[in-house]
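We number each residue from 1, following the sequence as shown.
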Amino acid sequence: MFDLSELQAAADLVHRSVPPSPQLRWPLLDRATGARVVVKHENANPTGAFKVRGGVTFIDWLRRTHPDCPGICTATRGNHGQSQARAAVAAGLRAVVYVPEGNSPEKNAAMAAWGAELRVHGADFDAAREEAFRVAEAEGLFIVPPFHRELVRGVATYALELLSEHPQIETLYVPIGCGSGICGCIAARDALGHRAEIVGVVSEGAPVAKLSAEAGRPVACNDARTFADGMAVRVAVPEALAIYAAGAARILSVTEDELAEAIRLTWTACHHAAEGAGAAPLAGLMQERAAMAGREVAVILCGGNIDAPKMAEVLRGGHARALSLRSVRSRSCGGGRAGREWRGRSRS
């Protein structure tokens, strides 16, 4: 997807405003998992999530290729919207951002603080996305899709940092929502010639990436029921699917309770807050801890933007499924319930 020079150029651009994020080892995490674990702390970025990197590269590309563009329009559950608003407003552009009803109040506040013109529409992300596409055309704004080559080139820089510094990593766990994060990891690994297996992680309540990889084609769900809002996607992105279906070793499905337990473990072992998607890689590792015992692994703590009441409830041991039911209504997904693991091509 990218050669190494393209990713290094993206890193040079990103690092002008976003420093390389920490990549740390935590002895209590090693003890809990049985592996030797590196945590890539994307939660330490200016917006608290990995998406900030893609905002830098996308808006830079937009200003170069569409110099007369007055602004952007996009849809989000929060982290993508913060990223785009931050970069667009800094470049003197409007940033119209659509969120679904019931979206995280704290993420909404953060987007508005970065200068987003926040608009609420629809019951979930995909409904908000459809409206954003319609309004962008009507108002003469440039649509920022959930997946774009320049978004991936930007977010790939975190994997470039990680894998360049840690050639010993054998397995890297990364969450899948619309797919820019896992595709960026695959792109960086391949550009570096690194040996790491990339393992995707989805919530069992939002398994569209896993179902689509199993089917060999995009599969849509009626709803995405998970309190991990960064992974609450109903419709697979075909361009992303083509990359992670070929480049991921496997895709795991984790339960809401496994996500909640990973949030608690991140807090007690690493002293960091993790949102649901940010905890998903650790939940995947915990699911595979017997197989990963003694091995060199990495998990991407992709975001720490969890609302305070939700964090408090998770730390108290509150039932995670109740949180997800409060967030999004549930119906069955097309294609049936996914199993726990989808295995891709072997990297022999």
Side-chain angles (χ1 to χ4, degrees), residues 19-45 48-50 79 158-176 181-182 185 188-189 194-203 227-228 230-231 248-306 310-318 320 340-341:
S21 62
Q23 33 212 38
L24 304 175
R25 294 184 181 272
W26 300 94
L28 287 173
L29 195 59
D30 287 358
R31 183 180 300 175
T33 63
R36 296 186 293 275
V37 186
V38 176
V39 180
K40 183 59 168 165
H41 281 280
E42 289 294 283
N43 61 310
N45 286 333
F50 79 105
N79 291 336
Y158 79 67
L160 185 71
E161 294 166 9
L162 175 67
L163 297 176
S164 296
E165 191 167 325
H166 294 280
Q168 80 283 4
I169 289 172
E170 299 171 73
T171 306
L172 186 154
Y173 292 85
V174 59
I176 308 178
I182 191 169
C185 288
R189 178 199 62 192
H194 200 285
R195 63 174 181 156
E197 286 189 326
I198 307 293
V199 179
V201 185
V202 300
S203 165
F227 76 91
M231 301 193 296
R250 54 193 175 276
I251 298 175
L252 307 177
S253 173
V254 297
T255 68
E256 299 294 283
D257 287 330
E258 286 173 323
L259 288 170
E261 181 56 35
I263 291 173
R264 288 189 286 270
L265 180 56
T266 301
W267 184 257
T268 57
C270 309
H271 321 296
H272 280 261
E275 59 188 275
L282 180 55
L285 170 57
M286 291 297 287
Q287 196 179 101
E288 295 195 326
R289 61 187 178 275
M292 293 295 121
R295 298 179 65 178
E296 296 280 349
V297 305
V299 296
I300 308 303
L301 205 176
C302 67
N305 296 323
I306 182 170
K310 187 180 294 185
M311 182 66 170
E313 186 162 353
V314 170
L315 291 180
R316 283 196 301 266
R340 300 270 287 180
E341 175 185 322

For a 4.5 angstrom cut-off between non-hydrogen side-chain atoms, does Val297 reach Val199? no
Let's go through Glu258 and Glu261 carefully: what are the C-alpha distance in whole Å and the side-chain angles of both, what is the deciding distance for side-chain contact (heavy atoms from CB on, under 4.5 Å) to 0.1 Å, and is it a yes or a no? CA-CA 5 Å; Glu258 286 173 323; Glu261 181 56 35; 5.7 Å; no
Of all heavy-atom pairs linking Ala279 and Leu259, the shortest is CB-O, 3.9 Å
Pick one: which of Val39, Thr268, Thr266 meets side chain to side chain contact (heavy atoms under 4.5 Å, CB included) with Leu29? Val39
Between Arg189 and Ala196, is there a donor-acceptor pair closer than 3.5 Å when you use the side chain of the first and the backbone of the second? yes
For Leu160 against Ala188, the heavy-atom pair lying closest together: N-CB, 3.7 Å
With salt bridge (Lys or Arg N to Asp or Glu O under 4.0 Å) as the criterion, how do Arg36 and Glu170 come out once you've worked through the C-alpha distance, each side chain's angles and the decisive distance to 0.1 Å? CA-CA 10 Å; Arg36 296 186 293 275; Glu170 299 171 73; 5.0 Å; no
Going by the angle between their ring planes, with limits at 30° and 60°, are His41 and His272 parallel, tilted or perpendicular? tilted
Applying salt bridge (Lys or Arg N to Asp or Glu O under 4.0 Å) to Arg295 and Glu288, what does each step give before you reach the verdict? CA-CA 11 Å; Arg295 298 179 65 178; Glu288 295 195 326; over 6 Å; no
Side chain to side chain, Ile251 and Ile182, heavy atoms closer than 4.5 Å: no
Is Val314 close to Trp267 at the side-chain level, that is, under 4.5 Å between some pair of heavy atoms? no
Please report the closest heavy-atom contact between Thr33 and Arg289, naming both atoms and the distance. O-CB, 3.3 Å
Looking only at heavy atoms, what is the nearest atom pair of Gln23 and Val38, with distance? CB-CG1, 3.9 Å
Verify, without hydrogens or angle tests, whether Asp30 (side chain) and Val37 (backbone) share a donor-acceptor contact under 3.5 angstrom. yes
Distance (rounded to the nearest 0.5 Å) between Cys270 SG and Leu265 CG: 6.5 Å
Correct closest heavy-atom pair for Lys40 and Tyr158 would be CE-O, 3.3 Å
Thr171 side chain near Arg250 side chain, heavy-atom distance below 4.5 Å: yes
Residues Glu275 and Lys310 bridged, charged N to O under 4.0 Å: no
Is there a side-chain contact between Leu315 and Arg264 (heavy atoms, below 4.5 Å)? yes
Residues Gln287, Val254; criterion side-chain contact (heavy atoms from CB on, under 4.5 Å); working and verdict: CA-CA 8 Å; Gln287 196 179 101; Val254 297; 3.6 Å; yes
Rounded at 0.5 Å granularity, tell me how far CE in Met286 sits from CG in Leu252. 13.5 Å
Would you check if Phe227 and Ile263 make a side-chain contact, meaning some heavy-atom pair closer than 4.5 Å? yes
Between His194 and Leu163, what is the shortest heavy-atom contact and its length? CD2-O, 3.5 Å
